[in-house]
Structure formats: structure tokens, C-alpha cells
2 protein chains.
Amino acid sequence: MTHTATSSTKAPSRIQQRNRILILDAALEVFSRHGYRGATLDQIAKQAGLSKPNILYYFGGKEDIHVTLLNQLMKTWLDPLKEMNPSGDPIKELLGYVHRKLDMALELPRESRLFANEILQGAPRMRPHLSADLKPLFDEQSRVISNWMDAGKIARCDPGHLLFSIWATTQHYADFAAQTEVLLPEDERRQDGASAYLDQLFIKLLTP
Amino acid sequence: MTHTATSSTKAPSRIQQRNRILILDAALEVFSRHGYRGATLDQIAKQAGLSKPNILYYFGGKEDIHVTLLNQLMKTWLDPLKEMNPSGDPIKELLGYVHRKLDMALELPRESRLFANEILQGAPRMRPHLSADLKPLFDEQSRVISNWMDAGKIARCDPGHLLFSIWATTQHYADFAAQTEVLLPEDERRQDGASAYLDQLFIKLLTP
DNA sequence: TCACTTTTTTACCATTTGGTAAAGACACGA
DNA sequence: TCGTGTCTTTACCAAATGGTAAAAAAGTGA
């Protein structure tokens, strides 16, 4: 067998685990900055502190690394949305979601940019995931929000566009950081500002 | 002289104008999809229907094309923000801005993606522009909004984050179109939905 | 310690990529 | 129709890129 690394037969060794993580971390850095086409194996290798052939010992190729990263991302990316509890207090649940999303954007900006890059490029490698994983969750949570509106617990608005606006406003702080860094003086750049503003924005929208 | 095309000496001929536009249009298509590093001159040449050396007859190189595109973009990109009138009705002015931005995102998605790509990559070629052109305008309009709040004409909130959220929500419809296409059924994908939702969102935020 | 497996390195390779040189084709006024 | 400047093509290049083969080195269990 060419390389055992590809998930198949037996348990991965200590060193295998370490290096795969090293590579994926380096790849995340590079792919999230330059997109799939713009990233090179040499960049990833250098960032990981390994040689290019060594990287190809652990992964089948450039695309394999990218796909692995995307699969991994899809899990963590959807988690905050799943945590929304239909029987909780609607406004609290939605604001909680906003905060989890904002925290994620600020703590995992590379993941956010990786996602943004993939979508910007037309989601060539991710569309199946979007249909299979995101779409059902999106529909389900849209229905939950709709039910809250029907029950008069929150003001009526389009649930889909509501979710879009939550994604847009939170991810903006990760994806457009290069812009906000220019526009906001350093002392105004803390999380508090964004967090307080988004609270205000969505509380006003949702309060009946 | 190697090529007269570089803006210097004399007036550009008919064919020169046509081909430069052809090239810039093709480059916009390619750069906006793949980012600077991911785009290739061959792709641009093919898209433009010209040979690669022919393209290099009109532009100094790959970077020259990208920079030209970015300069061009900066103008049209800032226009909607400039049109906000300090002595008009605040809510009407701000909603007008939201609509102009949304229209632009929907009519010029390639420009929006070009911008997003550049910022995602850390704005390596655009940071000077941001500081020189966007920052002053951002500060000025933030002050205008602040004054409206001081006068009690709109509810108080952070003007900077307000502008961020307008940018985020409107550009989302261009930059993340690949995602919304998966999530929204075709008949719900018209502009009306987004437009009505954003109206609601920002009216509620701004009404005192 | 020794055989055997896993990991890493060295040396390549074909293709792609940004870019150039120079010869041709073309337009157009005199 | 001819000459001169504009535009386009052909034929290249050196470097970068994704990837491979095979040998060398490092581990590892008996």
C-alpha cells in the first residue's frame, strides 16, 4: 500500500497524528488566505516545517488536503446553529446564536475565511455539503423561527434572511478584518463594540 | 517605447480602448472568482478572446491588470456612500444608502467579489487605498450619523458598526450567492425579499 | 542486536505560469 | 500604392508547481 495515512486500515501512529495536524493547520493558514488555486504545496510545506514529498506521504494531494479541511470545517461550522433550542426563550436563543457565531468568527478567523473563499469561488468543492448538511438544518431552524413568530413570541420577519443577516454581520468581523483594522482605531477594535451593536440590532428587530 | 498603452503619452486608439475594456472585463471575471494568486493570464486571455502576449501588449503584467481593476473599483465602490446627504431625512438617507448598496451588490457581483477577495487576502494591494480614500469617507459619514443621533433624529448606536452591518448584509447577497442559491428555492430568490427584510431590520434599529 | 516497518529525504519530471523577442499582419494617411 | 506606426502572432524561456520513485534514515518489537 502506498500510504496508510488515508483513513483506511489501521490506527494512526503518534507521529502520524501529529504530522497530519501540523499539515492541516499549515494548510488552513494558506488556503484561507489565498483560496484553493492560489495556495501552493510549497507554501503549505514551508508553513508546516516539512518537505513537500513528506506532505504527500500523508495526503493524497493538494485537493485531498483541501477536502479534508472542508469536511472538518463543516462540522464545527454548523454546531452553533444546532444548539438553538426550540423550547427556550426565542430572543435569548437567537441572541445566543448570534454570540456563538461572533465568538467563532473572532476565535477562528482562518476557518471563517476558508469558508468564505470557498463560497466566493462558487463552492465548487462544497456544494454537495451545503445541500446535504446545511440545507436541512437551515430549513429546520427556519421553521423553528417561523413557529416562534406564529406564537407571537418575536416580531415577524423572513427567517431565511434573518439567518443570512446573522451570518453576514458576524462573519464580517473575520472575513473583512483587514478592512476594519484600517477603519477602527486600535482601542475601539475590541469585541465588546461589535457584540453590543449586534445585540441592539437584533433585539430591536425581534422584539414584537 | 515598448507599449503606448500605459496611460502615458497620447490618446488611445479605438481598438486600444476596446481591447483594454475586453481585457479588464475578462480579468474581473477571473480575479473575482479565484483571487489574485489563483488567477492566471491564460485564463484571462482565453476569457478575453485574445492571446497572452497580446494582453501583455496592453498591460505591463498580471499585477498591472489587477491594480487597474482595483483602482477602477474604488471609485464606483465609494459612490453610494458619498451620496448620503447630511441635511436630508436621516432614516430616508440611510435606507437609501442600504438600497444603493444592495442594488450594487446584485448588479455588480463580480466587483463585490473582487473586493471581498482582496480584503480576505489581507488587502495587500489595497490597504493604501483604504487608508487614503475609504477611511476619510468612513470617518466623515460616521460623524454625520453621530450628528443625527445627537439631534435625536435616529436612535443611538455605534455609527461605525452600523456601516459595517450595512456593508455585510448587502454584500452578502453577492459574495455568498453560491450559498443562498442552495438554500433559497428559486422563486424566493428575487431581490424583493432581501430588500424588504433589510428595510425592516434597519428601520427598527434606527427609529428612535 | 537484528529484521522489518514507518517516515523522511534526495533527485527527478511534466506541466503550467508569467513574461519576452522578434517577426508578421494590419491600418491608414500621403 | 507605398511607408510608417499600430497591433497580433509565433516561438520561446526560466521559474514555479503538483506530483513521483526510490533510496536513506529512524523507529520499533522480538
Side-chain angles (χ1 to χ4, degrees), chain A residues 1-24 26-27 29-31 33-70 121 124-125, chain B residues 1-24 26-27 29-31 33-70 121 124-125:
Chain A
M1 206 135 284
T2 328
H3 51 83
T4 17
T6 36
S7 79
S8 50
T9 41
K10 285 292 165 192
S13 74
R14 213 77 43 71
I15 192 164
Q16 228 172 103
Q17 262 184 291
R18 180 177 57 86
N19 279 352
R20 279 183 67 96
I21 287 175
L22 227 63
I23 292 168
L24 287 175
E29 192 74 33
V30 177
F31 279 130
R33 275 291 175 205
H34 301 287
Y36 180 74
R37 286 230 44 193
T40 73
L41 284 180
D42 294 279
Q43 279 177 290
I44 295 171
K46 192 176 174 186
Q47 178 83 24
L50 300 172
S51 69
K52 186 168 56 173
N54 201 6
I55 279 182
L56 292 168
Y57 172 73
Y58 290 102
F59 288 91
K62 186 183 177 182
E63 181 147 18
D64 185 23
I65 301 177
H66 194 243
V67 167
T68 304
L69 232 34
L70 250 34
Q121 285 162 31
R125 272 163 268 274
Chain B
M1 206 135 286
T2 328
H3 50 83
T4 16
T6 38
S7 79
S8 52
T9 40
K10 285 294 169 199
S13 75
R14 211 77 42 72
I15 193 164
Q16 229 171 100
Q17 260 184 293
R18 179 177 58 86
N19 279 353
R20 279 183 67 97
I21 287 175
L22 226 63
I23 292 168
L24 287 175
E29 192 74 33
V30 178
F31 279 130
R33 275 290 175 208
H34 301 287
Y36 179 74
R37 285 230 44 194
T40 73
L41 284 180
D42 293 280
Q43 278 177 289
I44 295 171
K46 193 176 174 186
Q47 178 83 24
L50 300 172
S51 69
K52 184 167 59 173
N54 201 4
I55 278 182
L56 292 167
Y57 172 75
Y58 290 101
F59 288 91
K62 185 183 177 181
E63 181 147 16
D64 185 23
I65 301 177
H66 194 243
V67 167
T68 304
L69 232 36
L70 250 35
Q121 285 162 31
R125 274 162 264 277

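The sequence lines fix the lettering, A, B, ..., with proteins before strands; numbering per chain opens at 1. All values derive from a computational prediction rather than experimental measurement. When reading the values below, keep in mind they use all heavy atoms of this one structure, side chains included, and skip hydrogens, waters and symmetry mates.
Rounded to an integer number of Å, the gap from B:Ile55 CD1 to D:dT9 P is 11 Å. Put simply, OH on A:Tyr57 is 16 Å from P on D:dA26, counting in whole angstrom units. If you take CG of A:Asn54 and P of D:dA26, they are 13 Å apart, rounded to a whole angstrom. Taking atom CG on B:Asp64 and atom C1' on C:dG19, their separation rounds to 13 Å, with Å as the unit. Rounding to whole angstrom units, CZ of residue B:Arg18 and P of D:dC7 are separated by 10 Å.
Between C:dT7 and A:Gln16, a contact under 4.0 Å exists linking OP1 or OP2 to a side-chain N or O. At the phosphate of C:dT8, neither OP1 nor OP2 sits under 4.0 Å from any side-chain N or O atom of A:Ser51. Regarding contacts with the backbone of C:dT6, every side-chain N or O of A:Tyr58 stays at 4.0 angstrom or more from both OP1 and OP2.
Smallest separation of non-hydrogen atoms from A:Val30 and A:Thr40: CG1-N, 4.3 Å. Scanning all heavy atoms of the two residues, the minimum distance from A:Tyr58 to A:Asn19 falls at OH-ND2, 3.0 Å.
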Nucleotide N/O of nucleotides 17-23 of chain D paired with protein N/O under 3.5 Å:
unit_1 : atom_1 : unit_2  : atom_2 : d
D:dT17 : OP1    : B:Arg37 : NH2    : 2.9
D:dG18 : OP1    : A:Ala39 : O      : 3.2
D:dG18 : OP1    : A:Lys62 : NZ     : 3.1
D:dG18 : OP2    : A:Leu41 : N      : 2.8
D:dG18 : N7     : A:Lys52 : NZ     : 2.9
D:dG19 : OP2    : A:Lys62 : N      : 2.9

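Looking only at distances, no side-chain donor or acceptor of B:Arg125 sits under 3.5 Å from a matching main-chain atom of B:Val67. For B:Lys46 (side chain) and B:Lys52 (main-chain N/O), no donor-acceptor pair under 3.5 Å exists by modelled atom type. With hydrogens and angles disregarded, no donor-acceptor distance shorter than 3.5 Å links the side chain of B:Arg37 to the backbone of A:Arg37.
Classification of the B:Tyr36-B:Phe31 ring pair by plane angle, with boundaries at 30° and 60°, yields parallel.
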